[in-house]
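Everything below concerns the one structure shown next.
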Amino acid sequence: MKTKLVAFAFAALLTCSTAHSVERLSDGEYYDKVYGAWLGKCVGGALGMPIEGWHYRDIRAKHGEITGYLSYFHEDSHTGWSGILKTAQIPEDGEWHHLAITIRAPRLASERYAVPIVGMSCEYSTKPGEYLIRNLRLPRPASNLPANGGVWSPMDACGWMPGGEIRVAFNGLRAWTRMTPEAARLAAIPPGSLVAFSLDAKWISGDNQIGFAFDYRQKVRRTGFGPDDDTTYEIVGLHALETYGPDLSCEQIGAEWLNLLGPLSGGMLAEEIARERMGRGIKPPESGNHPVGEAIGGQMKADIWGLVCPGRPDLAAEYARRDGVVAHRDNGVYGEQFVAAMISAAFREKDARKLIDVGLAHIPKDCKYASVIREVIEWHSKYPDWRDTVREVKSKYPGVCDPVYAEAGIVTLALLYGEGDFDRSVCIAAMCGSDTDCNTATVGALLGCIKGAKTIPAKWKKPLNDTFYCGARGMTDWKISELAKRICATGRKVGQHHGTGIRFTKGI
């Protein structure tokens with residue numbers, strides 16, 4: 001039976017605010033926890049992004065026990081991707097077909113260059129599919145490049161076949177073939193130029209779509225994190241709260257998505273679908289009522305609402321609901337409420353198990369999301385090793401991102417098995433695989449809020465260089481420390497307007 005959204009009227013929140021015990025939090029303590037949460041968010045994103053979409057067994061086989069960053073901050077590192085720019089269809093007759101498609105390369109800053117990628121992704125389809133490709137070339141402008149070997153690198157659910165073909169087998173994970181960075185540097189695709197892809201393709205089964213996109217690479221060792229969708233949507237949420245005030249509505253949040261975010265890529269992410277629907281006049285919350293509405297997008301961008309509502313998990317959950325329904329429904333919204341409530345409670349509570357209980361108290365008891373959390377709690381009691389629990393989670397919930405169940409389970413088990421240790425918690429989240437950048441960032445934000453910025457080890461903080469990049473118009477470059485001050489200022493206004501469980505005092 002479809003469960004109802006947890007919706008509290010703000011008037012009711014104000015009525016019940018006196019029931020919350022009042023505790024003091026100095027300005028310095030508030031800032032340290034907010035700063036720690038955003039540092040933790042960026043740490044988790046940078047840790048998880050190089051292995052996004054990987055199965056936990058593949059991560060263990062290649063990296064063993066993760067104890068620090070992987071490749072995010074290496075020289076010539078990956079900095080983002082264009083989204084799906086075009087798709088083509090392979091005739092479903094089992095024969096080889098020659099395909100040619102022309103797309104425009106992204107316009108990049110001078111220190112970056114474009115790396116072409118071809119394949120299938122949950123960003124534009126959730127249907128399983130399998131096909132073969134060969135003779136993949138870029139006739140223009142990289143006609144001097146040889147085909148296949150040494151130029152193209154199969155990734156995720158792709159692999160070379162004995163005859164030189166590349167097998168693309170998509171089942172909810174990315175299945176990409178990417179040009180190697182070395183070949184992309186040789187190709188030197190001019191920013192904004194037209195790029196002609198040429199390949200032969202043979203359909204085997206399922207979905208017959210083939211997608212074309214670009215990775216962004218950077219020629220020098222990077223510092224800072226982002227931009228990524230998780231944090232970008234949170235910055236837009238913060239801006240909406242600053243612009244419209246503490247009585248912010250879901251329609252106002254949706255309006256800021258349309259105002260501040262770039263052109264649609266044609267992807268199948270919940271937020272992309274919602275933006276397209278809002279562009280056609282479908283307003284929130286109806287904009288979130290679509291087939292991908294129970295995906296991870298709500299859970300991944302919940303932190304900001306907890307940070308502006310310290311000590312008031314009920315208020316944080318209500319803001320999260322209003323943000324959540326812009327692109328999500330039901331369990332997709334509950335995930336955002338669950339995390340927001342935990343972040344808010346982390347200003348008081350340090351015990352992860354108790355924080356999970358707080359999160360559960362702010363979503364319907366009978367919803368599927370809550371049942372997944374309770375299952376993980378039981379598995380944690382049964383298994384001393386987190387690997388046994390992630391095996392149970394992925395066995396029962398094999399999907400990635402949509403719906404959100406596996407990701408909810410991974411966040412929960414990382415908190416439980418991490419036992420309050422920042423390093424252990426974020427590394428477990430990363431080693432669990434699946435949507436690693438989102439899950440590890442959520443765990444990092446929560447532990448960062450619990451522990452505060454001062455306690456996060458330098459090995460995590462130093463590569464960030466206190467720098468964060470955002471994808472929203474006019475808000476691209478940030479010092480994390482300055483962002484934390486801005487969040488604190490907004491949180492104080494929210495507290496003054498609604499009443500808060502924490503009183504702010506001057507001093508450290």
cation_pi(Arg178, Trp152) dist<6.0 Å, angle<=45: no

Side chain His328, main chain Gly293, donor-acceptor under 3.5 Å: yes

Interatomic distance, Lys451 atom NZ to Leu446 atom CG [nearest 0.5 angstrom]: 11.5 Å

Asp423 and Trp460: side chain donor to acceptor below 3.5 Å: yes

Asp230/Lys301 salt bridge by N-O under 4.0 Å criterion: no

Donor-acceptor contact present, side-chain Thr232 to main-chain Asp229, <3.5 Å: no

Over-ring placement of Arg391 relative to Tyr383, 6.0 Å and 45° cut-offs: yes

Arg280/Glu276 ion pair, N-O < 4.0 Å: yes

Mutual orientation of the aromatic rings belonging to Trp305 and Tyr319 [parallel < 30°, tilted 30-60°, perpendicular > 60°]: parallel

Pair Arg322 + Glu318: basic N to acidic O under 4.0 Å: yes

Aromatic contact, Tyr405 with Tyr369 (centres under 6.0 Å): no

Donor-acceptor pair, side chain of Arg134 and main chain of Asp200, under 3.5 angstrom: no

Check ion pair Asp314-Arg312 (N to O, under 4.0 angstrom): yes

Check: Ile304 main-chain N/O paired with Glu234 side-chain donor or acceptor under 3.5 Å: yes

Over 12 foreign heavy atoms within 6.0 Å of CZ, Arg60: no

Flag if over 12 foreign heavy atoms under 6.0 Å of NZ, Lys459: yes

Heavy-atom closest contact (Ala345 atom, Val358 atom, distance): CB-CG1, 3.8 Å

Tyr417 side chain to Thr389 side chain, donor-acceptor N/O pair below 3.5 angstrom: yes

Side-chain donor/acceptor of Asp32 to backbone N/O of Ala453, under 3.5 Å: yes

Option from Leu413, Val393, Leu416 for which side-chain contact (heavy atoms from CB on, under 4.5 Å) with Trp379 holds: Val393

Pair Trp203-Glu130, side-chain donor/acceptor within less than 3.5 Å: no

Check: Ala37 main-chain N/O paired with Asp303 side-chain donor or acceptor under 3.5 Å: no

Side-chain H-bond candidate by donor/acceptor type, Thr442 with Gln299, under 3.5 Å: no

Asp357 with Lys354: basic N within carboxylate O range, under 4.0 Å: no

Salt bridge Glu286-Arg277, side-chain N to carboxylate O under 4.0 Å: yes

Residues Tyr397 and Glu375: side-chain donor-acceptor under 3.5 angstrom: yes

Side-chain H-bond candidate by donor/acceptor type, Gln337 with Arg321, under 3.5 Å: no

Side chain Thr455, main chain Gly452, donor-acceptor under 3.5 Å: yes

Phe225 and Phe468 aromatic centres sub-6.0 Å: no

